[in-house]
J.: 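Here it is: the structure, laid out below.
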Amino acid sequence: MNPLGQHTIALPFPVLDNSLVIGGVPIDQLAARIGQTPFYAYSRGLINERIGQLRSALPADIHLHYAIKSNPMPALVQHLATRVDGFDVASAGELKTVLDTTMPQEKISFAGPGKTKRELRQAAAAGIIVNIESGREMQLLADIGASLGVKPKVAIRVNPDFELKSSGMKMGGGSRQFGVDSEQVPALLAGMSGLELDFYGFQIFSGSQNLRAESIMEAQQKTLDLARQLAADAPAPVRLLNLGGGFGIPYFPGEQSLDLVKVGAHLASLMPSARYDFPEAEFVIELGRYIVGEAGIYVCRVIDRKISRGQVFLVADGGLHHHLAASGNFGQVIRKNYPVVVGNRVIGESDRTASVVGPLCTPLDILADKMQLAHAQEGDLIVVFQSGAYGFTASPREFLGHPQPLEILI
Ligand SMILES: *Cc1c(COP(=O)(O)O)cnc(C)c1O
């Protein structure tokens, strides 16, 4: 039996004596060491491996930034501080996390709609680059800079006039709350020339969770073309060109991993003319889930095994409140199963199908809906893969007042 049912995703964790091994430790021993379930575990080794793949596939002068919001666990961010080239934050809270690392200020950028005056002041005082998303932010930053006696570093976040096709999440093109519409950028740049702001360049982010190399390649080409057009009105040479990211990971049955080598080769073919047109620029790709998503698992324990009119329900001590995305309630239109196994019986005798549900009093609390799983009993460990991004901090952990999961880096 394929322990993942209809899933075709290759397990990134080895199996020893029918037990999943995480960072060299069998899962039940790891659970004992942590002292509780549920927990999230993130593998340093797998994160490093993924960064290695990115470094070898992408052109050498592409700077790799990590988008903190995908997983802001402080230990993980500290680990990444010496392995990526920059961080992208989306709040003052995330800014605090990255300022606790050794990452230089000018390698940190701050994007997100609705930045408050206080956040802008913190960013200006910290000396990081603010990706401004409106005329209001630009004017406020100039005023703040004058009052602090600093020249705030800024880039313009552009809402492009194209979208990243076949993305799990479109974040550019059309009408958006993100960034400044590309056709409004020249006027914004004209307004900037009278202000005491240190212009760095542009961030053009068009979408997220994309598994199609061709779509990403097309978006990168269009991004560079748009940047060329916008640079004509810039008050200073472009020193920073953030090309966005959008690299996706497979979550559901039938999904295939992104062809990273193809994306990298295409980007390499675009770089000679890009370097020529932007001789002073640092080129950035910013990624969240692609760096950490596949390196993490969520683990909970079976509390009860019930049969309701013929269907097996494994009731676990974790669920939607810890892992909203795996329950299907974080932007999915039609619920599909994440890859799930019984971690201490990966290839055990199979149930026909079983559903893994959480302890919440809502039918939405499902971690696996009628999946092929090994025959599990009370005390067994349920493992949800692809859980390193948008898990712990993207879940309503107070809902129903159950205990919190722990997070570890191993
Ligand atoms: C959310 C976000 C990211 C990270 O997206 P992933 O899908 O996790 O790679 C990167 N950049 C911006 C601007 C974002 O809002």
Side-chain angles (χ1 to χ4, degrees), residues 42 47 50-51 53-54 58 62-73 76-77 80 84-91 93-95 97-98 107-115 119 123 128-134 137 154-160 163-173 176-180 201-213 215-216 219-220 223 240-251 255 257-258 260 263 283-296 324-325 330-332 386-394:
Y42 314 119
I47 292 170
R50 177 50 55 92
I51 290 171
Q53 290 161 355
L54 283 161
L58 297 174
I62 289 287
H63 291 244
L64 190 58
H65 282 208
Y66 175 58
I68 301 296
K69 80 168 190 282
S70 61
N71 188 330
M73 183 208 192
L76 183 148
V77 174
L80 283 174
V84 297
D85 307 309
F87 287 134
D88 190 43
V89 303
S91 71
E94 292 185 354
L95 178 58
T97 303
V98 304
K107 305 293 179 189
I108 298 169
S109 60
F110 181 7
K115 298 179 195 76
E119 284 177 314
I128 65 159
I129 297 173
V130 177
N131 293 340
I132 55 179
E133 314 208 12
S134 70
E137 288 186 0
V154 299
I156 295 182
R157 179 170 179 184
V158 180
N159 174 27
E163 55 186 35
L164 177 52
K165 287 182 193 150
S166 58
S167 276
M169 222 175 279
K170 292 193 170 69
M171 292 178 68
R176 300 282 164 192
Q177 71 266 52
F178 309 112
V180 177
F202 301 103
Q203 176 201 29
I204 305 177
F205 183 83
S206 48
S208 188
Q209 180 46 24
N210 202 302
L211 292 170
R212 285 198 54 218
S215 303
I216 292 174
Q220 288 176 340
T223 297
L240 173 67
L241 199 44
N242 182 329
L243 306 171
F247 299 10
I249 62 172
Y251 289 102
E255 288 186 343
S257 294
L258 174 68
L260 179 65
V263 171
F283 296 90
V284 170
I285 295 279
E286 65 176 353
L287 300 172
R289 78 185 78 219
Y290 196 76
I291 294 176
V292 294
E294 298 189 79
L324 189 66
F330 192 61
Q332 285 186 44
Q386 313 298 77
S387 298
Y390 306 107
F392 186 85
T393 58

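Heads up: numbering here begins at 1 and tracks the sequence. No hydrogens, no waters, no symmetry mates; every other heavy atom, side chains included, goes into these values. Counting starts at 1 for both ligands and their atoms, in listed order. This structure is a prediction, so every number in the text was calculated from the model and none was measured.
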J.: Of the options L211, I291, N210, I216, which is the one that meets F247 in a side chain to side chain contact (heavy atoms under 4.5 Å, CB included)?
T.: I216
J.: Report yes or no: does E119 contribute a side-chain atom to a donor-acceptor pair with the main-chain N or O of S91 at less than 3.5 Å?
T.: no
J.: How would you list, by chain and number, every residue that makes a side-chain hydrogen bond (donor to acceptor under 3.5 Å, both in side chains) with Q53, sequence neighbours excluded?
T.: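 Listed in chain order: R50.
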J.: Identify, with sequence neighbours excluded, every residue that meets side-chain hydrogen bond (donor to acceptor under 3.5 Å, both in side chains) alongside T223.
T.: none
J.: Could you list each N/O atom of ligand 1 together with any protein N/O atom closer than 3.5 Å, one pair per line with the distance?
T.:
| from | atom 1 | to | atom 2 | distance (Å) |
| --- | --- | --- | --- | --- |
| ligand 1 | 5 (O) | Y390 | OH | 3.4 |
| ligand 1 | 7 (O) | S208 | OG | 2.4 |
| ligand 1 | 7 (O) | R289 | NE | 2.8 |
| ligand 1 | 7 (O) | R289 | NH2 | 3.2 |
| ligand 1 | 8 (O) | R289 | N | 2.8 |
| ligand 1 | 8 (O) | Y390 | OH | 2.6 |
| ligand 1 | 9 (O) | G288 | N | 2.9 |
| ligand 1 | 11 (N) | E286 | OE2 | 2.9 |
| ligand 1 | 15 (O) | K69 | NZ | 2.8 |

J.: Do you know which of I108, N131, I68 makes side chain to side chain contact (heavy atoms under 4.5 Å, CB included) with D88?
T.: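 One option only clears the test, and that one is N131.
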J.: Quick one: side-chain hydrogen bond (donor to acceptor under 3.5 Å, both in side chains) partners of K69, sequence neighbours excluded?
T.: none
